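Note sheet for the following structure.
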Amino acid sequence: MPNHLFDQITQRMPVADAPFAHLPDGRNYSYADVLGVSARFANAITILGVKKGDRVAVQVEKSMEALMLYLACVRAGAIFLPLNTAYTPAEIEYFLGDAEPSLFVCDPARAEALRPAAAKAGAKLETLGVWESEAKSAGSLSDKALAASATFTDADCAADDLAAILYTSGTTGRSKGAMLSHENLASNARALVETWRFTSQDVLIHALPIFHTHGLFVATNVILFAGASMHFLPKFEPAQALSLMQQATTMMGVPTFYVRLVDHPGLTKQTTAKMRLFISGSAPLLAETHRAFEAKTGHAILERYGMTETNMNTSNPYDGDRIAGTVGFPLPGVSLRITDPETGTPIAAEEIGMIEVKGPNVFKGYWRNPEKTAAEFRPDGFFITGDLGKLDARGYVHILGRGKDLIITGGYNVYPKEIEGEIDAMPGVNESAVIGLPHKDFGEGVTAVVVPVKGAELNEKAILAALEGRLAKFKQPKRVLVVEELPRNTMGKVQKNVLRDTYRDLYKAS
Ligand code: AMP
């Protein structure tokens, strides 16, 4: 039966024995394995009673079988719901209560701790671990999949049927489930294959987690839609990535991957000579990292911008200037505008406002949350991303940060990125985060949290003095705090909410 997403994957598949993935344990996964194993898992979940439209919540370690479970859900018409492996049982209880999955799949080692949460939500519990060898399964769902047939009749799924629900990282308030349709995922995979020129000859270094849109959809769907292959790694290790660059053509990473590579003595023109493309996203790549990487390798990292709710929105060009500190142009089929955040009226180039997007990539709304969904869309269908940005004269999109990170001090708007840019350019500074903290005179006091480069000495007075004359008085930080590192989430994003919380009483006495 027609299955909107999976049919597009099978139509693009190369010959059956072509490689899909090379695993660190030496196993090779062919496209025939993709078809067979995803069918086995689709049969296993169907036998367990999963029906079209049911949610299948999954909190497991990264493995090829976990990826096959995603495809199995697509094939069975179920809704794949991956959960961050760092979530605690209390957090899992919230997600299961909210999503009401009919099946919850977890790591065998966590089954006992999570059984009460599954029972409370009325979900069946099965386990899936990392396979140690082809002959040895791990977990009850693997056993059921091994015993099931390797052929499956795909469920009938239309373009708008849901393929997945991904919970947002929830840095403010509770996470919300973003509902992603078959066509949301398919359209984005097609746009990215075209924009980044992926072909069946490509070999990707895949070291990202697969519970997030980056590793799950951007990386995996691009490989499937190109009929290409990947080195599928449990996590990112610079030395391993460098050695795989002899056999690979492309890498997708978060900025921390590139920071770590730049620090590695093995990163040279020679070690990266066979690679054709390095892509970065999920958090801002420092212009300095972009420049350092290019100086060492001759490769200009291609930065792109997306989010859980929208898949990918923009990308720097494949041909043409990949400009550090920008995220390039809207992808084919994606409309992007910058508006006055209050009124939604489009504003001129070079002016800072709210980034809004519309297109086949944009999600269907928040799971069981019509009010929140309505609040985040304009009447003409544009989604209000919550990111502040601008378009420059050449049409490149610049991201200035999350709207909620905007600082309002004495009635003036301060965009943290502008101040961070000034501080980051100072000698001895590794990186910085500028936040607003409660202040009785100003409403919010501009505050810089600064990380020195290894071995450098930084002091507050010198940084403040250096900023005088470079920034308008109202933009200058009231305090500079020197710390060893910034708090980050698993995707490498700086958690400004954590910083605001840690230092919330800083100006209490003033
Ligand atoms: P997530 O939903 O976890 O993927 O987070 C999406 C958010 O990450 C976006 O709304 C942006 O704030 C941020 N983001 C993603 N890519 C970039 C980028 N290239 N530069 C700056 N911020 C980014």
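In listed order, ligands and their atoms are each counted from 1. Here the structure is a predicted model, which is why all the values come from computation and not from measurement.
Side-chain N/O atoms of Ser181 and Asp160 include no donor and acceptor closer than 3.5 Å. Asp98 and Tyr167 share a donor-acceptor pair across their side chains, judged by distance under 3.5 Å alone.
At under 3.5 Å, a nitrogen or oxygen of Thr308, whether backbone or side chain, sits near a nitrogen or oxygen of ligand 1. Residue-to-ligand polar distances place Asp387 within reach of ligand 1: an N/O pair is separated by less than 3.5 Å.
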Trace of the salt bridge (charged side-chain N to carboxylate O under 4.0 Å, His left out) decision for Asp501 with Arg504 | CA-CA 5 Å; Asp501 210 34; Arg504 64 176 180 265; 3.0 Å; yes
**Asked** Passes side chain to side chain contact (heavy atoms under 4.5 Å, CB included), Phe257 versus Met251? Steps please.
**Response** CA-CA 10 Å; Phe257 289 13; Met251 187 176 96; 4.2 Å; yes
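The shortest distance between side-chain heavy atoms of Trp367 and Leu81 does not fall below 4.5 Å.
Note: Phe442 and Phe474 fail the aromatic proximity criterion, with ring centroids not under 6.0 Å apart.
Protein heavy atom at the shortest distance from atom 4 (O) of ligand 1 is His212 NE2, 3.2 Å. Scanning the protein for heavy atoms near atom 15 (C) of ligand 1, the closest one is Gly306 O, 3.3 Å. In terms of protein heavy atoms, atom 6 (C) of ligand 1 is closest to Met307 CB, 3.3 Å.
Rounding to the nearest 0.5 Å places CZ of Arg304 at 8.5 Å from CG of Leu192.
Counting heavy atoms closer than 4.0 Å to ligand 1, residue Ala283 contributes backbone atoms (N, CA, C, O) but none from C-beta onward. Of all the heavy atoms of Ser282, the ones lying under 4.0 Å from any atom of ligand 1 belong exclusively to the backbone.
Distances from ligand 1 to the non-hydrogen atoms of Glu303 include at least one value under 4.0 Å.
Only one option out of Glu194, Arg197, Arg276 pairs with Tyr318 in a side chain to side chain donor-acceptor pair (under 3.5 Å); it is Arg276.
Set against the non-hydrogen atoms of Ile399, the atoms of ligand 1 under 4.0 Å away are 20 (N), 21 (C), 22 (N). Close approach of ligand 1 to Arg402 is summarised as follows: ligand atoms under 4.0 Å from at least one heavy atom of the residue are 10 (O), 12 (O). Shown in contact with Lys493 at under 4.0 Å from a heavy atom are these atoms of ligand 1, numbered in order with element: 1 (P), 3 (O), 4 (O), 5 (O), 6 (C), 7 (C), 8 (O).
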